[in-house]
Amino acid sequence: MKALIGLYPAAWRRKYGEEMARLIDDQPRTIRLAVDLIAGAIDARLYPQLSEETKIEPASKGAKVVTSILTACQPNNVTDADYKRSVAVILGTTILLSGIYLLLKRSVGETAYVEAFGVTTFPVAVLVSSWGTYFKRYSVAARLAFVLGLGSVVFMISLGAELLSRRI
Amino acid sequence: MMAKKTREDDELDDFGRFAEPALLILISLADGPKHGYAMTEDIATLADVRLGPGTLYGALTRLESRGLIERLDSDDRRNPYRLTALGERALRARLASMQAVARVGQRRLAGT
């Protein structure tokens with residue numbers, strides 16, 4: 001049961017992991033406990049409450065450099081509403097792209113391009129959802145470049161894998 | 001007459017599904033610092049609700065990030081938490097507004 005603590009973000013585990021493990025030790029193992037831990041982990045990932053300084057604890061000069069890079073990657077000015085919207089965007093975009101994939105599959109057939117598109121539906125949906133969270137601080141042009149650029153990279157990797165698998 | 005909502009009362013807003021656990025935690029800490037297990041037992045006794053670790057720490061994280069409680073150092077693996085001055089004011093304000101709502105409800109029921 002304590003393995004479920006591994007589902008929580010690293011910063012969270014560093015701060016509360018031991019306390020929570022102790023608390024789990026004191027409780028009977030039930031399905032309800034497992035569900036509670038999983039729901040808590042999802043919440044901790046969707047709504048990180050820890051402040052920047054508690055997220056990363058630098059131990060050396062090198063670690064400070066890594067810290068500043070990681071801190072720069074943290075989403076800022078992101079509200080609870082933004083996170084909720086991003087979940088809706090992930091679901092909506094996945095459904096939309098999956099619909100397009102099915103239409104393409106029916107009209108064009110199971111070509112490598114269509115299958116690669118099918119594989120990228122979810123990763124691209126996650127990228128699109130980052131528009132209002134991780135990419136929020138950037139300009140519209142930069143966000144477009146991120147989403148389209150990274151989306152294209154994901155598609156190309158999927159296409160490469162698909163073509164390779166057809167040759168084997 | 002309902003109590004006017006105060007700024008302290010707003011401190012407990014936006015807790016979503018953690019609103020009730022957060023309030024129970026503040027009440028549990030009102031008589032002194034406690035660690036997670038002690039809080040769980042205390043809340044089970046006072047409200048007949050047993051908070052799971054995921055719910056307890058979800059609420060503790062929110063309360064701590066808003067400065068309503070603080071984590072105390074401990075040599076043990078179990079760190080105790082205590083109410084801050086802001087947390088105490090927020091708890092007083094929330095209990096007062098709940099009391100006012102309960103009074104109105106009871107008065108209305110008595111009138112039927």
Side-chain angles (χ1 to χ4, degrees), chain A residues 1-57 74-85 87, chain B residues 10-22 24-26 28-29 33-45 48-82 84 86-87 90:
Chain A
M1 196 67 82
K2 278 193 283 190
L4 291 174
I5 295 176
L7 297 174
Y8 284 75
W12 197 100
R13 288 199 307 271
R14 275 198 298 276
K15 188 166 185 187
Y16 300 108
E18 279 208 13
E19 282 179 54
M20 188 180 247
R22 184 76 183 259
L23 196 56
I24 293 170
D25 283 340
D26 293 330
Q27 302 208 4
R29 311 285 189 265
T30 60
I31 292 173
R32 194 178 162 192
L33 175 63
V35 170
D36 180 75
L37 288 169
I38 293 167
I42 293 169
D43 171 76
R45 290 196 174 274
L46 285 178
Y47 308 109
Q49 302 288 321
L50 299 180
S51 60
E52 298 302 331
E53 60 272 17
T54 55
K55 276 184 178 174
I56 301 144
E57 292 156 2
Q74 298 289 333
N76 57 4
N77 298 326
V78 180
T79 63
D80 280 2
D82 289 328
Y83 280 115
K84 283 178 189 161
R85 249 193 311 274
V87 172
Chain B
D10 290 343
E11 296 291 346
L12 284 170
D13 284 350
D14 302 328
F15 272 61
R17 74 179 181 94
F18 293 98
E20 194 184 335
L24 291 171
I25 288 168
L26 292 181
S28 176
L29 296 179
K34 289 182 186 70
H35 53 66
Y37 180 73
M39 266 184 264
T40 309
E41 291 301 307
D42 186 43
I43 289 167
T45 308
D48 200 21
V49 175
R50 184 164 285 278
L51 300 181
T55 306
L56 179 76
Y57 280 92
L60 282 176
T61 316
R62 282 168 168 76
L63 288 167
E64 197 185 356
S65 70
R66 295 198 181 192
L68 300 175
I69 61 169
E70 63 188 353
R71 192 167 181 247
L72 303 172
D73 287 332
S74 166
D75 295 333
D76 194 7
R77 276 166 71 203
R78 300 190 288 193
N79 289 69
Y81 293 82
R82 80 167 162 221
T84 61
L86 179 63

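Sequence lines set the chain letters: A, B, ... in the order given, protein chains first and strands last, and positions in each chain run from 1.
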Roughly how far, to the nearest 0.5 Å, is [atom2] of [Y] from [atom1] of [X]?
| X | Y | atom1 | atom2 | answer |
| --- | --- | --- | --- | --- |
| B:Tyr37 | A:Asp26 | OH | CG | 5.5 Å |
| B:Asn79 | A:Glu18 | CG | CD | 9.0 Å |
| A:Trp12 | B:Thr61 | CH2 | OG1 | 6.0 Å |
| A:Tyr16 | B:Glu64 | OH | CD | 3.5 Å |

Contacts of type salt bridge (charged side-chain N to carboxylate O under 4.0 Å, His left out), residue A:Arg32, not counting sequence neighbours: none
Exam field: side chain A:Arg22 to backbone B:Gly36, donor-acceptor pair closer than 3.5 Å: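 Checked: no pair found.
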Where B:Pro53 and A:Met20 come nearest, the two heavy atoms and their spacing: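 Scanning both residues, the minimum pair turns out to be O-CE, 3.2 Å.
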Residue A:Ala41 versus chain B: region with a heavy atom under 4.5 Å: neither
Atom CD of B:Glu41 with >12 non-hydrogen neighbours under 6.0 angstrom: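 Yes, enclosed.
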B:Arg50 bridged to A:Asp36 by N-O distance under 4.0 Å: no
Residue B:Leu56 versus chain A: region with a heavy atom under 4.5 Å: side chain
Pairwise side-chain contact, A:Glu19 with B:Tyr57, heavy-atom cut-off 4.5 Å (strictly under):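 Counting from C-beta outward, A:Glu19 and B:Tyr57 do come under 4.5 Å.
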Sequence-distant partners of A:Tyr8, side-chain hydrogen bond (donor to acceptor under 3.5 Å, both in side chains), two or more places apart: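 Scan of A:Tyr8 (side-chain hydrogen bond (donor to acceptor under 3.5 Å, both in side chains), adjacent residues dropped) gives none.
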